[in-house]
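As the structure is a prediction and not an experimental result, all values here were calculated from the model.
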Amino acid sequence: MAKCLSITSPVRCLSLTGSADFLYRSFFSYSGLRSVKTDLNDGGTTMHCWVPKSLKESKPNLLLVHGFGANAMWQYGELLRHLMPRFNIYVPDLLFFGESSTTRPERSEAFQAQCVMRLMEAHGVERMSLVGISYGGFVGYSMAAQFPDAVEKVVLCCTGVCLEEKDLREGLFEVADLDEVASILMPQTPDKLRELMKFAFVRPVKGVPSFFLSDYIDVFCTDHVEQKRELIQALINDRQLTKIPKIEQPTLIIWGEQDKIFPLELGHRLKSHIGDNAKLEVIKNAGHAVNIEKPKDFAKHLKSFLVGSNSSSQRYKTLFWSSP
């Protein structure tokens, strides 16, 4: 819960963000998930994950990996009702987000991927498909590359996997350097949060009072700031397309047409890098936060892609498409 922001306004002592977060937790639990923390026994890594209360062996497993910003519940809450009837759902907190942390020094997406894989193994999951949003797509892509026998299908949403360090210098992005990237992705003032909203949404909500934004920052943007900055740095430093492995799994790439954080050019670059196994879907009138701006379109593409043609999938196809 956020701390009381000011003694001058009693209303501000109530964290609306914290209250909304509590409602999300209740919704996840009501939907059939339970909150579990797992010690990876590597000398300092603990990961939190929402896992099925009742595992259905006949259902395939689906891993939902979040990006920067609000926690995983906020990023995937709208999708649960579309996916729960069809999949065993797993929603982890990545390291330095939510309730996951490590004392180890590694900051690469490869290390994040290894930790998530160990988490899934701890829950008895040997095979899965995955969805990765933004930074979560970097982690999901790395999982697919490192563990090809475990990852079946991949959905990557607005994730700049194929960016290169030189792109910052050459003006592909609207920001000039790492410090500016970090200040926007981890806003510490209401003005910076407004700037992030302008980058993330085609039509950002206007007129939000500063004390609401400060409340959001207090809940989501003040923990592990330096470690998250190191995560961003690890993504960018010396990143070259020639060093990025190619994955072979069937891959759906979803992009907001007006993404200002990872421009659409990176979606086309990713499609070209993966090759014939990848399909790019561009959602119009949407920005980086396409899963929030266009949740119905986002869910429609997920449904179409994740329901395969094998016999196991066909048994659930009618149920899946009839879900709201």
Side-chain angles (χ1 to χ4, degrees), residues 1-6 9 11-22 24 65-77 93-101 107 109 112 132-139 157-160 163 167-168 172-236 256 258-263 286-293:
M1 282 289 192
K3 293 172 282 200
C4 180
L5 297 174
S6 170
S9 173
V11 174
R12 293 172 68 180
C13 293
L14 172 65
S15 170
L16 296 180
T17 307
S19 298
D21 197 58
F22 173 79
Y24 269 112
V65 191
H66 67 83
F68 272 71
N71 62 33
M73 295 183 296
W74 290 53
Q75 294 183 33
Y76 284 110
D93 288 335
L94 295 175
L95 296 175
F96 305 118
F97 296 88
E99 299 178 60
S100 296
S101 63
R107 297 292 183 264
E109 71 260 40
Q112 289 268 21
I133 294 174
S134 193
Y135 176 69
F138 285 86
V139 177
C157 177
C158 297
T159 180
L163 70 84
D167 290 327
L168 271 176
L172 177 63
F173 305 103
E174 294 189 25
V175 294
D177 55 39
L178 176 63
D179 289 337
E180 191 173 357
V181 172
S183 71
I184 293 172
L185 291 181
M186 298 177 293
Q188 299 300 299
T189 66
D191 284 343
K192 278 297 181 182
L193 182 50
R194 290 187 182 97
E195 189 174 356
L196 173 59
M197 292 166 64
K198 290 178 182 178
F199 271 96
F201 296 93
V202 171
R203 296 181 179 87
V205 177
K206 297 180 180 180
V208 181
S210 291
F211 71 85
F212 283 139
L213 300 178
S214 295
D215 178 45
Y216 177 94
I217 291 168
D218 192 46
V219 173
F220 287 128
C221 305
T222 55
D223 290 337
H224 303 298
V225 172
E226 183 57 33
Q227 290 90 341
K228 290 176 181 175
R229 189 184 187 282
E230 292 168 355
L231 295 179
I232 298 171
Q233 186 171 18
L235 288 181
I236 297 174
Q258 300 181 50
D259 192 335
K260 294 181 180 179
I261 293 180
F262 291 131
H288 186 70
V290 62
N291 56 307
I292 298 174
E293 279 194 298

[Y] and [X], any side-chain heavy atoms less than 4.5 Å apart:
X    : Y    : value
Q188 : V225 : yes
H66  : N71  : no
N291 : Y76  : no
L193 : F212 : no
C158 : I261 : no
F97  : H224 : no

Can you tell me how far apart [atom1] ([X]) and [atom2] ([Y]) are? Round to the nearest 0.5 Å.
X    : Y    : atom1 : atom2 : answer
S134 : Q75  : OG    : CD    : 8.0 Å
T222 : I217 : OG1   : CD1   : 9.0 Å
Q227 : I232 : CD    : CD1   : 12.0 Å
I236 : D167 : CD1   : CG    : 10.0 Å
D179 : Q233 : CG    : CD    : 9.0 Å
D93  : E99  : CG    : CD    : 6.5 Å

Look only at the side chain of E293 and the backbone of G287, and say whether a donor-acceptor pair between them is shorter than 3.5 Å.
->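 Judged by distance alone, yes, a pair lies under 3.5 Å.
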
Check: L235 main-chain N/O paired with E109 side-chain donor or acceptor under 3.5 Å =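 Checked: no pair found.
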
Distance-minimising heavy-atom pair for P190 and S210 |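 So the two residues come closest at CG-O, 3.9 Å.
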
Heavy-atom closest contact (G77 atom, Y24 atom, distance) =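 Smallest interatomic distance, heavy atoms only, reads CA-CE2, 4.1 Å.
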
Per-pair distances, 0.1 Å, donor-acceptor, side chain in residues 197-207, under 3.5 Å, sequence neighbours excluded:
none

Quick one: ring pair (Phe, Tyr, Trp, His ring centres under 6.0 Å) partners of Y135, sequence neighbours excluded?
->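 Checked Y135 against ring pair (Phe, Tyr, Trp, His ring centres under 6.0 Å); matches are F68.
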
Set of ring pair (Phe, Tyr, Trp, His ring centres under 6.0 Å) partners for F262, sequence neighbours left out =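 So F262 forms a ring pair (Phe, Tyr, Trp, His ring centres under 6.0 Å) with F138, H288.
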
